[in-house]
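Side chains are part of it too, since the values below use all heavy atoms of this structure and drop only hydrogens, waters and symmetry mates. Residue numbers start from 1 in every chain, and the chains themselves are labelled A, B, ... in the order their sequence lines are given, proteins ahead of strands.
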There are 2 protein chains.
Amino acid sequence: MPHTYEFARAALTVDIVVFALDEEDLQVMLIQRDLEPFEGQWALPGGFVRVDETLDESARRELQEETGLQDIYLEQLYTFGGLKRDPRERVVTVAYYALVNLEGHNVHASTDARNAAWFSMNDLPDLAFDHSMILQTAHERLRGKLRYQPIGFELLPEKFTLRQLQHVYEVVLDRELDKRNFRKKVLGMEIVKETNEIEKDVAHRAAKLYRFDKKKYDRLTKQGFNFEI
Amino acid sequence: MPHTYEFARAALTVDIVVFALDEEDLQVMLIQRDLEPFEGQWALPGGFVRVDETLDESARRELQEETGLQDIYLEQLYTFGGLKRDPRERVVTVAYYALVNLEGHNVHASTDARNAAWFSMNDLPDLAFDHSMILQTAHERLRGKLRYQPIGFELLPEKFTLRQLQHVYEVVLDRELDKRNFRKKVLGMEIVKETNEIEKDVAHRAAKLYRFDKKKYDRLTKQGFNFEI
DNA sequence: CAATAATAGTGTCAATACAACACTAAGAAG
DNA sequence: CTTCTTAGTGTTGTATTGACACTATTATTG
């Protein structure tokens, strides 16, 4: 047994699972690769980490470059370090996941001469590298986190109806919720506050708009409050 | 703005937060560094990832080399990639946390001519690098995870009393639990099964020993059962 | 061997939280 | 003014939680 080993100086990338919500489904942003390997295939947005940036910075930069998204919810997910996950050489990737609302941000359909698009989580193409596994891990994490922490707001515009909020939970948790119980619970937690506006341009009675009460949320969190839904 | 950037080929390490439980406190294993930087200071066990091993393999190998521990609960925690976390050069570390029971494994007090020791989480020395932050992150994760998943068994020997199990929860969650309610809950979940043995060498009535019922646990988990305590 | 000391082991009840359930109100569209 | 669509609202039975105190068993000690 040798006394010295070759240490990995792995190429380091970040990959980002960007979730959003349309009327129906949970959506994820994918980018069509314009380079080998996996040229033409769909993949998660991401890229190499630069020497002068932290992992978080790198993830934010890639997101901005590839999708135009800025100032959104972003959280580190997991680090994937399989030996053969990139056929060229060893590449370790730090995966992140992000939540955006489609109304508030206008997402580049295409940047860097690359083709970017939203896909429903219920109708995904084959993905490059091990990105399917990363995506699955992100989906599980989102479900788990939403259950206990109010991150559903990140998928909605600043002002939203309780119907929309319920829809977030139904889509992500993949089960129907009772309207009355849901409203009781959310209003009971007192982490949304009513605005004096109502939704516009709907062909029926308009619902009140609410806003996430971050201050109250932070105060309750410090007291160890539990936001289970 | 240049068209090419220098990509990070960061040195990659793993660091492992090994938790155990003594009669009183949650304990963590630390190793006294015998090299610069931070020579003489206490640090988490860990080391460089080799080119031919995955991250998980690397974590298990380091754990084995530095503490003699094998076949224990090990889970990836978070990846720390701050620019200055190592004063020599950029080093990205993938942190893991592990749970062991002190009775079942005999842990090297010392390996590699290094000084290894258990420290109470309530009485920690200054740590090298950003290891205090890693340790804090691990502690939060352990608390969060224990709350919803039955990993408390990993800190106990194969056969244990309900008193011991309750103690795990009390120490990790840092609050007292009611004995009757705790027993009701754990037995109600049916994920422990009684052995026909009792504890030995105690100066009072001996308690029954139980064993974690992994099969039942797996079955219930697949059905989406929730193990909240 | 009797008394003591230490922990094992057990049940009830009140308060709270949860889940199931259906109708009226408001506004838009024709 | 009729119809359509979604907003908005309470009650009740059931299950879960949390608070609470005593007897049983075993080892130890005098």
**OP:** Determine the interplanar angle of the A:F212 and A:F153 rings, folded into 0 to 90°, and report it as parallel if under 30°, tilted if 30 to 60°, perpendicular if over 60°.
**Re:** parallel
Quick one: sort the A:F119 and A:W42 rings into parallel, tilted or perpendicular, breaks at 30° and 60°.
-> perpendicular
Here's a test of your reading of the structure: between A:R183 and A:A203, which maps to the more 5' nucleotide of DNA chain D?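 The residue whose closest nucleotide sits nearer the 5' end is A:A203.
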5'-most contact on DNA chain D (nearest-nucleotide basis), A:T161 vs B:V202, goes to A:T161
| message | Between A:R175 and A:E170, does any side-chain N to carboxylate O distance fall below 4.0 Å? | response |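 Salt bridge: no.
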How many whole angstroms separate atom [atom1] of [X] from atom [atom2] of [N]?
X	N	atom1	atom2	result
B:K185	D:dT16	NZ	P	9 Å
A:H204	C:dG27	NE2	C1'	9 Å
A:R180	D:dT12	CZ	P	13 Å
B:L187	C:dA8	CG	C1'	13 Å
A:L162	D:dT9	CG	P	9 Å
A:F182	D:dA7	CZ	P	12 Å
A:N181	D:dT14	CG	P	16 Å
A:I198	D:dT6	CD1	P	16 Å

| query | Out of C:dA8, C:dC21, D:dA7, which nucleotide sits closest to the side chain of A:R163? | reply |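 So the nucleotide nearest the side chain must be D:dA7.
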Checking D:dG18, D:dA7, C:dA8 against the side chain of A:E199 (C-beta onward), the nearest is D:dA7
Q: Taking only the side-chain nitrogens and oxygens of A:K208, find out if one of them lies under 4.0 Å from OP1 or OP2 of D:dA7.
A: no
Original post:
Within the structure, does a side-chain N or O atom of A:R205 lie under 4.0 Å from either OP1 or OP2 of D:dG8?
Top reply: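 It does not, given that no N or O in the side chain of A:R205 lies less than 4.0 Å from OP1 or OP2 of D:dG8.
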ask   = NA contact type, B:K179, heavy-atom cut-off 4.0 Å: base, sugar-phosphate, or nothing?
value = base
* Could you check whether A:K184 gets within reach of a base, just the sugar-phosphate, or nothing at all, counting any heavy atom under 4.0 Å? =>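 Touches a base.
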query: For A:F182 and A:Y169, what are the C-alpha separation, side-chain angles and deciding distance, and is it a ring-ring contact (aromatic ring centres under 6.0 Å, His included)?
result: CA-CA 10 Å; A:F182 181 82; A:Y169 280 84; 5.7 Å; yes
* Expected output: side-chain A:R141 to main-chain A:L77 donor-acceptor under 3.5 Å -> yes
